[in-house]
Amino acid sequence: MMQINLVLGSSREKSLGRRVFNYLKNQQNDFEQQNAVHLNFIAVGDYQLPFFYEDVAPMNNQDRHLPAQQQAWLDDMEQASGYIFITPEYNHSFPAVLKNGLDYLAFQTAKKPALIMSYSDNARAGQFGGVDLTRLGMTVLPPLVGIGNVQKNFNEAGEFLVNAPSKDFYHQKLQQTVEKIAFYSRLFADNPFTPQS
């Protein structure tokens, strides 16, 4: 079954993104059945990657040997057919822990689609948090998925608060986000681009 990685790009234990991440986990069975995919939930901080330090760039290193934890990150990313990156906005960009994780990658994510989901504690929904991610080699699908006022809608367990003002809106939006990445992941896998010359 096709695998979609949902990647939490914050390593903070009290990250608001964990609430959205946990909500998606809570809906995992329904979303998987609706889209005939496997959703794999990973947090880049769990891999405890040191700052990228390799002497040779990953794409140029044919004899690359990494410690188990670093290799696990590469393997987990390679096994997916598509990605949803869930990222906060730090100083109008995405966090260093996510950038560092991406620096380890070579061709693991090549020719695969990705969606960027940025969140915040205000109505702007982290609109700049994922901008720089669109410069990666993956095919980043527009538009950025913004989740605003997270603390007013989700508790830490990933459940909607009793008086969540955007409950129906965010349930539909997150459901459609998974549906979209599942569709494009299948489209890309079934129709790989092959140059004719």
Side-chain angles (χ1 to χ4, degrees), residues 3-25 39-62 64-122 124-148 150 174 177-178 180-181 184-185 188:
Q3 177 174 303
I4 306 296
N5 279 0
L6 289 86
V7 183
L8 179 60
S10 174
S11 58
R12 295 172 55 240
E13 283 300 319
K14 296 295 183 180
S15 165
L16 288 177
R18 286 195 182 276
R19 300 183 184 204
V20 179
F21 192 68
N22 288 337
Y23 174 79
L24 291 163
K25 272 187 179 179
L39 301 179
N40 184 42
F41 292 83
I42 58 177
V44 67
D46 290 347
Y47 294 87
Q48 300 178 345
L49 302 171
F51 280 121
F52 181 77
Y53 61 90
E54 295 174 44
D55 294 334
V56 180
M59 290 184 182
N60 298 330
N61 191 349
Q62 299 299 317
R64 195 177 185 203
H65 301 283
L66 296 175
Q69 197 72 3
Q70 296 171 34
Q71 188 62 49
W73 163 248
L74 300 185
D75 293 343
D76 287 346
M77 292 299 283
E78 186 166 18
Q79 288 167 8
S81 297
Y83 310 90
I84 297 175
F85 290 96
I86 304 169
T87 178
E89 178 183 332
Y90 288 1
N91 296 324
H92 298 291
S93 187
F94 59 103
V97 67
L98 178 54
K99 174 63 167 68
N100 188 54
L102 296 172
D103 286 343
Y104 274 85
L105 301 178
F107 301 103
Q108 289 80 12
T109 59
K111 301 179 181 179
K112 300 176 186 178
L115 280 169
I116 310 301
M117 182 182 296
S118 191
Y119 60 86
S120 73
D121 61 356
N122 55 57
R124 285 196 303 106
Q127 61 184 329
F128 300 114
V131 172
D132 288 339
L133 280 168
T134 62
R135 298 175 183 166
L136 298 174
M138 289 168 276
T139 301
V140 179
L141 305 171
L144 181 142
V145 180
I147 309 294
V150 173
L174 293 168
T177 297
V178 174
K180 182 176 180 178
I181 196 62
Y184 280 101
S185 296
F188 279 42

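Computed from a predicted structure; not experimentally measured.
- Within the 4.5 Å cutoff, side-chain heavy atoms of Ile181 are placed close to those of Leu141.
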Inset, instruction - Check the pair Gln70, Leu49 against side chain to side chain contact (heavy atoms under 4.5 Å, CB included), reporting the backbone distance first and the verdict last. - result: CA-CA 6 Å; Gln70 296 171 34; Leu49 302 171; 3.8 Å; yes
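- A side chain to side chain contact (heavy atoms under 4.5 Å, CB included) with Ile84 holds for exactly one of Asn5, Leu6, Leu8; it is Leu6.
- At least one donor-acceptor pair closer than 3.5 Å links the side chain of Lys112 to the backbone N or O of Gln108.
- Considering every non-hydrogen atom in both Met117 and Leu174, the closest pair reads CE-CD2, 3.4 Å.
- Using modelled atom types, no side-chain atom of Arg12 and backbone atom of Gly17 make a donor-acceptor pair closer than 3.5 Å.
- The shortest non-hydrogen separation linking Ala106 to Arg64 is CB-NH1, 4.4 Å.
- Inter-residue side-chain proximity for Lys25 and Asn22 is flagged as met; some heavy-atom pair is nearer than 4.5 Å.
- Contact record, Ser185 with Ser81: OG-O, 3.5 Å, taken as the closest heavy-atom pair.
- How far CG of Asp103 is from CG of Leu98: 9.5 Å, rounded to the nearest 0.5 Å.
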Inset, instruction - Verify side chain to side chain contact (heavy atoms under 4.5 Å, CB included) between Val7 and Met77, making sure each step is shown before the conclusion. - result: CA-CA 9 Å; Val7 183; Met77 292 299 283; 4.2 Å; yes
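- Note that the CG atom of Leu39 and the CG atom of Leu24 stand 8.0 Å from one another [nearest 0.5 Å].
- Within a 6.0 Å sphere centred on CZ of Phe188, heavy atoms belonging to other residues, nucleotides or ligands number more than 12.
- Shortest non-hydrogen contact noted between Leu144 and Ser118 is CD2-CB, 3.8 Å.
- By the 6.0 Å contact criterion, NZ on Lys99 is open, its count of non-hydrogen atoms from other residues, nucleotides or ligands being 12 or less.
- Side-chain contact check for Thr87 versus Pro95: some heavy-atom pair is nearer than 4.5 Å.
- By the 4.5 Å heavy-atom criterion applied to side chains, Phe94 and Pro88 are not counted as neighbours.
- For the ring pair (Phe, Tyr, Trp, His ring centres under 6.0 Å) criterion with Tyr104, the lone passing option out of Phe52, Phe51, Trp73 is Phe52.
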Inset, instruction - Determine, step by step, whether Ile4 and Val178 satisfy the side chain to side chain contact (heavy atoms under 4.5 Å, CB included) criterion, reporting the C-alpha distance in whole Å, the side-chain angles of both residues, the deciding distance to 0.1 Å, and the verdict. - result: CA-CA 9 Å; Ile4 306 296; Val178 174; over 6 Å; no
Inset, instruction - Apply side chain to side chain contact (heavy atoms under 4.5 Å, CB included) to the pair Leu66 and Glu54, showing each step before the final yes or no. - result: CA-CA 10 Å; Leu66 296 175; Glu54 295 174 44; 3.4 Å; yes
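- Among all heavy-atom pairs drawn from Met138 and Thr109, the shortest one is CG-O, 3.3 Å.
- Using a 4.5 Å heavy-atom cutoff, the side chains of Ile116 and Val140 are in contact.
- Residues Ser11 and Gln48 have side chains not in contact (no heavy-atom distance under 4.5 Å, counting atoms from C-beta outward).
- Without hydrogens or angle criteria, Glu78 side chain to Asp76 main chain gives no donor-acceptor distance under 3.5 Å.
- Residues Ala72 and Tyr47 approach most closely at C-CE2, 3.9 Å, considering heavy atoms.
- Using the six-membered ring where Trp is involved, Tyr83 and Phe85 have ring planes that are parallel, under 30° apart on the 30 and 60° scheme.
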